[in-house]
There are 2 protein chains.
Amino acid sequence: MNIGELARRTGSSARSIRHYDKAGLIASHRRDNGYRDFGDEAVPQVMQVARMIRLGFSLEEISTFPPCMLRQVTNAVCPDALAAHRERLAEVDRQLFDLARLRERLLTVLDANDSPLPSTERAPHEPS
Amino acid sequence: MNIGELARRTGSSARSIRHYDKAGLIASHRRDNGYRDFGDEAVPQVMQVARMIRLGFSLEEISTFPPCMLRQVTNAVCPDALAAHRERLAEVDRQLFDLARLRERLLTVLDANDSPLPSTERAPHEPS
DNA sequence: CTTGACCTTGACACCGGTGTCAGGGGCTAG
DNA sequence: CTAGCCCCTGACACCGGTGTCAAGGTCAAG
């Protein structure tokens, strides 16, 4: 199929699919006229890539296990990607931790300024 | 004081301080030779800006309440910034929610592929 | 033939705080 | 005088998936 139909079928833009293709993440070959020609297996491939992008992977990361990406036709994740998923999970946990700490800092600022009107006691002209 | 000393005193780079200054967030005037001249109050001002940046505010957001930033000499937050802090808190909560959902999705993928070894049913003739 | 839809590649824009370089002055000590 | 350090402005790079435009080729339908 042409790239336009693949775009319609996957919900990704043709622009993005060309991007994935250039990264070697999609199985494709060229017709005599230069057009990309995709098989049906390209549909789950594109969706797999899009899904991993939504999960926070970069194309470069995804590119580290392209052989299995190209074979991928199901929702199952190939072994190469499992380690990446675990790393990504750890990264997400780090972000959750940082964000929670950030939230605490925001709450601290708000608590210190929200209820107590008298700012006099805190420091009229002193940096802490 | 010159920008170099202010940089040393605040821990921010001179480059960043010029950036903040251009945004009108730091009280400064120019000497005859064109050099910026900062007073002692610039130290907490720069640190306040840096702190808000670490809290995830953009310079543009901070610029929406510069009058109070310029007066700011304490750790207390001026009223103008309170609303921004609340919005920021809401944003952080959204991010926490999204991240938690992301984490669930990652766990789902891992759970579905981690324990169950029999990839046979998923991929009939896979040369793993 | 023309029209129009679809395809190709290449390149720029975006976001935004920061690093870094280039080119030019100021100022002080020797 | 020079050496050396500090300052000035302006501009480019970065990151990375995506939108968008330009300029051109392909091809089926009328």
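Small disclaimer: the values here were computed from a predicted structure and weren't measured. Below, chain A is the first sequence line, B the second, and so on; all start at residue 1.
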Taking atom C1' of dC6(C) as reference, at what distance in whole Å does atom CG of Leu6(A) sit? 14 Å
Counting the atoms with a prime plus P, OP1 and OP2 as sugar-phosphate, which does Arg31(B) contact under 4.0 Å by heavy atoms, base, sugar-phosphate, or nothing? nothing
Of the options dC12(C), dT8(C), dG26(C), whose atoms approach the side-chain atoms of Arg36(A) most closely? dT8(C)
Using a strict threshold of under 4.0 Å (side-chain N to carboxylate O), is an ion pair present between Glu104(A) and Arg101(A)? no
Quickly work out the Met1(B) CE to dC7(D) P distance and round it to whole Å. 12 Å
So which of residues 93-105 of chain A are in contact with DNA chain C, with a heavy-atom cut-off of under 4.0 Å? none
Between C1' of dG25(C) and CG of Asp32(B), the distance in whole Å: 14 Å
Rounded off to whole Å, could you give me the NZ-to-C1' distance for the Lys22(B) and dT18(C) pair? 13 Å
Asn2(B), nearest nucleotide to its side chain (from dT9(D), dC7(D), dT18(C)): dC7(D)
By side chain to side chain donor-acceptor pair (under 3.5 Å), which residues pair with Arg8(A), not counting sequence neighbours? none
As a test of reading the structure: which of dG19(C), dG25(D), dG19(D) is closest to the side chain of Tyr35(A), going by heavy atoms? dG25(D)
Which of these nucleotides, dC12(D), dT8(C), dG19(D), is closest to any side-chain atom of Ile3(A)? dT8(C)
Nearest-Å distance for atom pair NE2/C1', residues His19(A) and dA13(C): 14 Å
For Asp37(B) and dG26(C), give me the distance from atom CG to atom P, rounded to whole Å. 17 Å
How many whole angstroms separate atom CD1 of Ile53(B) from atom C1' of dT18(C)? 10 Å
Under 4.0 Å between any heavy atoms, over every strand shown, what does Tyr20(A) touch: base, sugar-phosphate, or nothing? Just pick one. sugar-phosphate
Nearest to the side chain of Arg18(B), heavy atoms from C-beta on, is which of dT9(D), dG17(C), dC27(C)? dT9(D)
Residue Ser16(A), side-chain heavy atoms: nucleotide from dC8(D), dT9(C), dT18(D) that is nearest: dT18(D)
I'd like to check the side chain to side chain contact (heavy atoms under 4.5 Å, CB included) partners of Arg103(B); sequence neighbours left out, ordered by chain and number. Leu89(A), Val92(A), Asp93(A), Leu96(A), Leu107(B)
Please classify the nucleic acid contact of Arg30(B) as base, sugar-phosphate, or nothing, using heavy-atom distances under 4.0 Å. sugar-phosphate
Cut-off 3.5 Å, side chains only: do Gln45(B) and Glu41(B) have a donor facing an acceptor? no
